[in-house]
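One structure is given below, encoded as structure tokens.
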Amino acid sequence: MRMESEGLTQIPASRTQGHRPRANRTQTVHRKSFKFSFLPQACLCLMLCLVMASGMVAVHQSDALAQGGDSTAIGPSASDATNAQAVPSTEESQKPATKIPETPLEILNGLGVFVYPLGLASVLVLWVTIERLVVLRRSRVIPQPFVRRFFDHMREGHLDPKTSLQLCEENGSPISIVFAHGLRKWGKPSVEVEQAIIDGGERQTSQLRKHIRVLNGAATVAPLIGLLGTVAGMIESFNTIAAKQAMGRTEDLAAGIGLALLTTAAGLLIAIPALIMYMYFAGRVDSLIIEMDGLAQDLVDLISAEGLADQERAARATSSSSKSTEVKKPA
């Protein structure tokens, strides 16, 4: 308690007064980040609802087709069935053969209700990818001109705690925010400075990793949507066989088979890029964190009590050597 009270009495009044507006700015930034971070969660919930609705609609259509086939099989008499088998109707013979969709418009129509969750997943992956490419730029996270000038002035002794803290707050980059947490412990033991930097670094790490889990979730959910479409397509094909009493044309099965193949392919086309971008962004965040940790350690060596003592000893040694050389010159 005595050490803490002494540390509090040493804080200048201007520093405590300038800290209040910064708290208001941080609260505003947190409110804005909360609004933007809520959007991916809402999109995931919407995609889940669309997946459930798509599965229910597909199963309902398959059941309706099966019930229609059963009613047509029970309604006609035995003689009508034999006549129908012997002489096919002109409408059935003139019916064009169904094929698997090939053009983009046919593919969208062939996906049916599954186009909505798959489309939402693709838009979500594209949005997160572009947003993280902009946020995780090295020039934004660790601006080299600012870091280089900052350490040059610190080593030359041109910055005091108040000025250096003001420079970091004005820059606003993640590395400057980490530096600001350590500068508030200027002159304290290295353990306290490191702990303050660790606390600030954890907050910035969570900001850098934000929205990356969305890519991992899309890479996991998209193939499952494709698998659900595969199951729905196979159910539709078997219901068609049951409706035709196992004597229908093979072209009648193309619709169900096409749905099964298209949904599987669409799910994989979304999941593969999402997984690649997730691995890329995870590695990029790790490399940025390692570089930030090295720069923060250099700052600890400059502003901690041990580092300041070493700088004073070095300055005394250089001054004594310069005086000795000046004394020897007149002789």
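Ring planes of F179 and F150: parallel class, angle under 30° (limits at 30 and 60°).
Across P189 and S304, no two heavy atoms sit closer than the pair C-CB, 4.4 Å. Nearest approach of A274 to A218, heavy atoms of both residues: CB-CB, 4.4 Å.
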Give the intermediate values and the outcome of side-chain contact (heavy atoms from CB on, under 4.5 Å) for residues R137 and V141.
CA-CA 6 Å; R137 288 179 293 119; V141 180; over 6 Å; no
Show, in sequence, the C-alpha distance, side-chain angles and deciding distance for N171 and L167, and conclude whether the side-chain contact (heavy atoms from CB on, under 4.5 Å) test is met.
CA-CA 6 Å; N171 184 262; L167 289 175; over 6 Å; no
The test is side-chain contact (heavy atoms from CB on, under 4.5 Å); show your working for I175 and V147 and say whether it passes.
CA-CA 8 Å; I175 187 64; V147 174; 4.2 Å; yes
Test side-chain contact (heavy atoms from CB on, under 4.5 Å) on L302 and F151 and set out the steps.
CA-CA 9 Å; L302 291 175; F151 277 105; 3.7 Å; yes
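Note that OG1 of T263 and CG of L261 are 7.5 Å apart. Values are rounded to the nearest 0.5 Å. Here the straight-line distance linking atom OG of S164 with atom CZ of R184 works out to 10.5 Å at 0.5 Å rounding. Taking OG1 of T205 as the start and CD of E202 as the end, the distance is 7.5 Å to the nearest 0.5 Å. Between atom CG of residue L299 and atom CD of residue E194 there is a gap of 11.0 Å, rounded to the nearest 0.5 Å. One distance of note links CG of L288 with CZ of R209; it measures 10.0 Å at 0.5 Å rounding.
Two residues are said to be in side-chain contact when any heavy atoms from C-beta on lie closer than 4.5 Å; L133 and Y280 meet this criterion. Using a 4.5 Å heavy-atom threshold, the side chains of I303 and M154 count as touching. A 4.5 Å side-chain heavy-atom check between M277 and R132 finds every atom pair outside the cut-off. By the 4.5 Å heavy-atom criterion applied to side chains, T220 and N216 are counted as neighbours. A 4.5 Å side-chain heavy-atom check between Q195 and V191 finds every atom pair outside the cut-off. The closest side-chain heavy-atom distance from L215 to T129 is below 4.5 Å. Put simply, the side chain of V300 reaches to within 4.5 Å of the side chain of I197, judged on heavy atoms. The closest side-chain heavy-atom distance from I289 to Q204 is not below 4.5 Å.
Across E169, E170, K162, a single residue satisfies side chain to side chain donor-acceptor pair (under 3.5 Å) together with Q166, and that is E170. F281 pairs with exactly one of V135, D286, I212 by the side chain to side chain contact (heavy atoms under 4.5 Å, CB included) rule, that one being I212.
If you check the side chains of Q297 and D293, you find no donor sitting under 3.5 Å from an acceptor.
Checking side-chain atoms of T230 against main-chain N and O of A260 turns up a donor-acceptor pair under 3.5 Å. Within the 3.5 Å criterion, the main-chain N or O of D160 finds no donor-acceptor partner in the side chain of T163.
Clustering ILVMFWY residues whenever any of their side-chain heavy atoms sit less than 4.5 angstrom apart, transitively, puts L183 in the very cluster that holds L308.
Salt-bridge check for D298 with R155: failed, with every basic side-chain N at 4.0 Å or more from each acidic carboxylate O. A salt bridge links E291 with R138; the closest basic N to acidic carboxylate O contact falls under 4.0 Å.
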